[in-house]
Amino acid sequence: MDKYPRGSLDHNLPLLVVSGLSTGPTKPLLTDPDLREQGVLIRSEIPPVESREAKTILQYVQETDATHLPWHSRDVSRKHKFKIRTIGREFLLPPRNARLPDEFETPLSPPVLHSPFSPLSPGSTLYPDGLIDTRWLEKHQDLIPSVCLCFYSLTSDSSLATLHDNQLKTDINALKNALSQSGHKCRLAVVILSDQSPSSMDVFQDRLENIRKSTALDPKTSLFVLPTQRAETELESAIDSVLTALFSQATEYYRDLGRHSRKKKGRGIAPQPTIPPTSGTSHTLSLQGWNVRYDFKAAVFSEFRQEMEVAQRSYEQAYETLLGVDVMETIPSWSSRFNDARLLADIIAIRILRCFLWTGQSTAAVRRWRAHRLRMADFIDRRGRGTQNYGWQAWEARWAETMANLIAKVDYPELDPSNQSLFRPPEKVLSAERLQPWEQLHHQGYWYRTAARHSLDRRKLAYLIPEDDRRPVGASATSPSMIKAYTSYDTYMCPEPYEEYPLNGHGTNHSLQIIEYLNFAKAEFQKRHQPRLVAEVALECSKELESIKAWQPLLELLAPLWRDMSFRAEGWWDINEAMSWALRAGAAHMGNAGLVVAIDWELLNKKFTRRPGWHYDIKRSLDHVQVDRTPEVVINDDQISSFISASFVFKQDEGRAGQTCPAQLSINSNAFAESSPVVLEEIQIDFEGSLRTIRLKHQANSKSVTSSAKNVYVTTIPLVETEISTDDASDEEDSDEDSNEDDSDDASQPPQSVILEGESDLSLLPGHTRVFEMNLPLREAGNARASAVQVSVAPETFTLKYTMKVRETNTVGSWYTIDGRKKITRVNPQSIKVLPRPPKMEIRFVNALKQYYAGEPIQVEVEMVNEEDVDANTKLDVHLYGLDVPAFKVHVTGGAVRSSVASGEEAKLNGMPVGTISQSQSEKATITVDPVNRPTAYDLTIKAWYNLVSDPGTPIVQIVAFQLNIVNPFEASYDLVPRLHDEIWPSLFDHEGVQELAGEDDGIIQPQGLAQKWCLITRFGSFAAEDLTILDLDVKVLSTHGSARCVASKNQAIPPNGLKMAPKTMEEAHFDVVAQKLSLDDRASSTADLAFSITWQRSSNCATTTNSPSMPNITTFLIDPFYVTVSEPRVLASVSYSTTSPGSPSSHPSSAPLQLLVLNVTIENPSSHFLTFGLTMEPSDAFAFSGAKTTTLNVLPLARRSITYRLLPLVRGAWIRPTLVVRDKYFQKVLKIIPTEGMKRDVEGILVWVPEEAELQSKDRMKKPQDIEGPGDPSEGNETSGNEEVEV
């Protein structure tokens, strides 16, 4: 749309002039010298506002300019749309009426003056019969604002308030008067900025009211007050509210103008000009012409109001009237008004299209575009110079480009490239109609390509211009025939014939126009992933680039498309051929030798069209091409389609390692019959799997056996194994990267060091097939397939390597013989399955156990027996699989020792050398696995790789697997029971004993707190399958929590030879645990983390895999944390036994001694409270007792008290129940009595064991225990009440 006059197609937005915020120079609105001379000056005498807030407001106002917004109505968030111009304090308005010409004599009666933009004014370019031009559009778009917005500041200085307010009122009234006298109806709005906050504006209300009354401005629509001391977002919101109010005023302004235009149309008369015309056609604009003008004005004013549907109806009326019989039909084609009317018709049609697109009627817009094109073609054929000339094609290209520009301006989301949509769906009202494809609104690429095609037609018609018409006007005599020739071409918005295609010099550059259109179209097609159209457009563009010899852009354009295989795979050979020849020309001129060779290699294929005069010799590809060095070209069949094809077949689908298998390689040439033979320097066959690479070299006088039949030559080639260096192998892999990119297994292996080589004559004639038959040695077992065939051509000027993949899509192969060929009907004949050679190496596990135990190292002994007929070089691979696999080491008898590294779920050791195992001999290896501390299972896999000395190239493998089952040898349970600590508790009254003293040497703090004793009872059972010997039992304190020190000790010993434990048996062990707080002031509970460990070994008869005794193993059990110090009082009961002689003198001397039981009850008070307990002993029929039946015991804080009862049992070998009740006097809570050694407890209370006489006699007499009392006040041991008595 840029080719139309400036402003003729711009979207109409209300013009808002902002004054009083900008202090810098601004571009004047009125630039025409004549209009400036007659213009009306609008000036304000008050200087602009200069403050930080004013700059913020100016920036926000400029950002709200809607000039560059898309042309659609979807943006409902904006309540106003303005075209904003910022000025200083003055601007010029165009004159309301034009002045009379200087040469005009003043008439007796005053003349009627009109607008300088009207066809009624003699000074106008439209005088006397013009319709309308872009100057009228410019008048309302850029010269006359709908609203003039002026900014002023309100001073807060009370001493200057009156003076400033008077100046403000005077300036505003002067502006109103100037606008009124100009004759234009633009509105005036004033914004007064205050440096106060909104909450403090009440003190200024009287001043503001005075200004409002003096200026007669409406505070809702014309006078606004903005306090600027607020947040920036709030200030922008206030400005937005002002602009919204002004938009309503602007809408009313344009509504008044539209109403005035319709009013003048309703008069039904054609106005008379200021001066009647006296020259030229001497006729004025007709009434229908005035109606076109009025309808066009009404439509434009509707656009200013953003009422597109109303504007569309007015444009339609203007369009129909313009193309009717009374306007354009009456204008002769030789008149300048004819092209002016055509321009107006185009402008109206484009604006109608914009209205359709604005309202979302895309299909209606396309139909309207096509209707205008057809109507103009009919009109030009009837009234103009016809459509068979370059001018009409130029208009067609411009018309298609205009549609593309409109689509870009409208910015439909359905046509966004991210949606990958080629066209916009039709409107809902048209969804039921059967629409043609060209009635859909396609994306911009479609329209740009249409413009390019019309530009091509324009060039064709331009080239048909006769030479006489291509001479300038002044170059020959002005004969009637010459004048007729110049007037017979349509030059609407395009140059004359002698400028379009001159005889001398450069005319219109059609190629650049076509390239520009095609590039735009190609970009759109690429965004929407239309590769075929991209290739087609690029090919058309390349022809233009070739015509202007722009070789570098041609290479950049075609090279990526040429490398794309999509059109080759789909069989578009004509596109491929045209693109290849065009690209070759560019590559040859730019010296791109590699590209030239690759294209020549592809064009040898006879499926392309033969080019007359071309040599079709690959050796001459670089003739007339300048190269600095010998190029090396590497291509493959993924990039181009060559004249050479290759296939590879195995005669059998299976084979065994150590044997050979016949195979054939077929190379077929599909080159032109007249082309030169191709001599292949080398053929390389790569395999996936266990087969080695084959390399065939060219030898002109080769002694290989060759037979031929019907252009098929079968050659038998012997292969020999050849060692190559690692660097050579790496180079081969790099050069054949494409053929091996899918082989991830081969990429991880080291480069091959041995290949198979052969020699033969590798000449290939056009239309012939070369078959090379070989016997391949099979070395390793596994699946193998031919993956790629690479042929090399190396003339003197370049080197070419072409790789062809052997694809699995070939379901049928052929086996060539002298008599013909046979079909191989199996699937994928290029694959073979190599079966392993049956191994005769036996692997045995010596003395392997069914299960192993956690905590012990595992030793597995392996014996390898060579049952082959010859010696074998052997290596071992040992793999251990499972969860959290430990490390292991392998020791070969008389050999080295290697260790593995544990790595998650697998530990492996590869390539452990065993050495040469002689025939019928054996070797042993020991695998030692690190101890595992939990039950689990591992899979042990052993692979013995060996090569026979008679056939070192064929590896043989023997695999055995063994499962290591690891179980826990023991299971244990634990109980922690209280015991009475023998040591005396510290006293609070002993200030020297409670000090925290450190050791003299090591600085360790000695515990000074309370000590409590416990007994850890462990019961453990054997889960082993055989007898185990217990060597030691131990309990370790891992850590304590709560500022305490804990010590564990054994109270029973293990026999010197150990404790033999049979399967499924249980044992019990006791350990003393003493815990003491570090500080006497710390009364919090403490816990300890303990570990129970069992040191054991297997019995000697089944200890290990060898005859040596097993090493001791340690199994450790982590015990849940126990409380080892408590802060609550507890009652501990202990018992001791004593015997006395009969007390009666009359007793018989042989009478049995009396058995007394001493029952000690100890109350511990680790708290900081003074506690009082009541004790009550109930009588029983099972014993008599001596002691307090009822008593009260006072216990100081951090102290303990004991009371003793002597019991005389009346039964033997039974449990007796002392019914003792201990009650807290304060809380009235009965405390539980905790039994210690020799006692137990049930639901009803404690129980004491009374031994038999024999058991009693075996024990020593025990001393009578003393009461345990803490140091301090002697009165604390006194019993406040109680009666000591003996009950029988």
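Nothing here was measured: the structure is a model prediction, and the numbers come from that model.
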Pairwise side-chain contact, [X] with [Y], heavy-atom cut-off 4.5 Å (strictly under):
X	Y	answer
L1033	E1067	no
T1125	Q1012	yes
F1023	V967	no
H1041	D1089	yes
V929	V860	no
V862	I927	yes
V878	S900	no
H1169	Y1226	no

Do the side chain of [X] and the main chain of [Y] share a donor and acceptor less than 3.5 angstrom apart?
X	Y	result
K1225	N1194	no
Q1076	G1009	yes
K1077	G1042	yes
Y881	E905	no
H981	E983	yes
S1022	T1065	no
N1165	L1196	yes
T1029	L1059	no
R1019	M1066	no
T893	K924	yes

Do other residues, nucleotides or ligands put more than 12 heavy atoms under 6.0 Å from [X] [atom1]?
X	atom1	result
F962	CZ	yes
D1181	CG	no
K1050	NZ	yes
E1237	CD	yes

Distance from [X] atom [atom1] to [Y] atom [atom2], nearest 0.5 Å?
X	Y	atom1	atom2	value
N1160	S1136	CG	OG	6.0 Å
F1020	T1115	CZ	OG1	11.0 Å
R1098	L849	CZ	CG	5.0 Å

A854 to R934 - nearest heavy-atom pair and separation
CB-N, 3.8 Å

What are the two closest non-hydrogen atoms of P978 and L1132, and how far apart are they?
CB-CD2, 3.9 Å

For D939 and H879, what are the C-alpha separation, side-chain angles and deciding distance, and is it a side chain to side chain donor-acceptor pair (under 3.5 Å)?
CA-CA 8 Å; D939 293 327; H879 290 196; over 6 Å; no

D1034 vs S1093, side chain to side chain donor-acceptor pair (under 3.5 Å): CA-CA, chis, key distance, verdict
CA-CA 5 Å; D1034 193 13; S1093 60; 4.8 Å; no

Parallel, tilted or perpendicular for F1117 and F1092, by the 30°/60° rule?
parallel

